[in-house]
K.L.:
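Have a look at this one.
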Amino acid sequence: MYQIGIDLGGTFIKAGVVDEQNKIVSKKMVESHVDADVEGLCTRMVQCAVDALTEAGVTMDEVGSIGVGVPGAVDAGRGVVVYCSNIGFRNTPLAGIISQKTGKPVYVQNDANVAAYGEVVAGAAKGYKDVIVVTLGTGVGGGIIIDGKIYSGFNSFGGELGHTVIVHDGEPCPCGRRGCLESYASATALIKQTRISMRNHTESRLWNICPDISKIDGKTAFDAMRAGSKAATEVVNQYINYLGCGLTNFINIFQPEILLIGGGISKEGETLLEPLRKILSVETYGSSMDAPKTKIGVCTLRNDAGTIGAANLHNLYESFITKG
Ligand SMILES: [Zn+2]
């Protein structure tokens, strides 16, 4: 039996056919056209899944279920997308709509939760039951897995780890608060911190790494640090300190077996992890006690985490929608 995992993004829909060993046997991608109506968007999602099936030489009869990751608040128990900021879903019964089009049980979850679950079933957190995943991209995303299940609170809005405050009355955040972790530890924040440093240090080697200030990315400060830039080293150290503060909070609340970092910045690997472990080994509650400690690592499935996680959602929820 195969499962289909669909990753709905603001720009692209990605659909993959996943086998029983959690290997993606085929995948397809089409543009989302989020400005289209809900019906049109759902039709495109199904078509993308059908195209992936055709490529794999698998028929719909061999598919057990379809899972969908959506960038918004999802009531997974009812298969309803409650709210989506950049897609026109408002209390949309997405699982029901796609189930009607395919005749399959359909499961829906928030995309960050789905990606975290992907790491648990087939990635860097495989074998662990209590897991936190923090994704450092345009924003700071979060996924909380407790006892092998996705935790998102009674109303599905939970798990927003990026919108916890680390600096009271600090930098403004798109969510409306000030001082959120997202405003200090996202790639967007790192780019801003790098830009400020370049303006303040016109002699810095940062300018050799990136002569065009509009082209700074999440790697610029790390690359300049490796090239020996003092200013870049300060930017990276400060960035890691902010991140360490947020991660310490999460460990103090959840004490997960493993905490994974994903997203573009996680590609820095040990350059990021080593100083983080140092901070956490001092800051986290119980760090001086002779007790098991949270492991820190990076996500390994990259772009496939959403597809594999979605394809496995059927493990977590009752089949509330069946054929027809
Ligand atoms: Zn926020």
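Just so it is clear, the model here is predicted, and its values are computed rather than measured. Computed from heavy atoms alone, side chains included, the values below leave out hydrogens, waters and symmetry copies. Note that ligands are numbered from 1 as they come in the structure, with each ligand's atoms numbered from 1 the same way.
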K.L.:
Within a reach of under 6.0 Å around OH of Tyr239, are more than 12 heavy atoms found that belong to other residues, nucleotides or ligands?
P.N.:
yes
K.L.:
Considering only heavy atoms from C-beta outward, does the side chain of Tyr128 approach that of Val120 to under 4.5 Å?
P.N.:
no
K.L.:
Could you tell me if the side chain of Glu270 sits less than 4.5 Å from the side chain of Arg277, heavy atoms only?
P.N.:
yes
K.L.:
Report yes if the side chains of Thr248 and Tyr285 come closer than 4.5 Å at any heavy-atom pair, otherwise no.
P.N.:
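With C-beta onward as the side chain, the pair stays apart.
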K.L.:
List-wise, which protein N, O or S atoms are found short of 2.8 Å from the Zn ion (ligand 1)?
P.N.:
His163 ND1, Cys173 SG, Cys175 SG, Cys180 SG
K.L.:
Should Lys27 and Val17 count as side-chain neighbours, where that means a heavy-atom distance under 4.5 Å?
P.N.:
no
K.L.:
Kindly indicate whether the side chain of Ile145, heavy atoms from C-beta on, has any atom under 4.5 Å from the side chain of Ile150.
P.N.:
yes
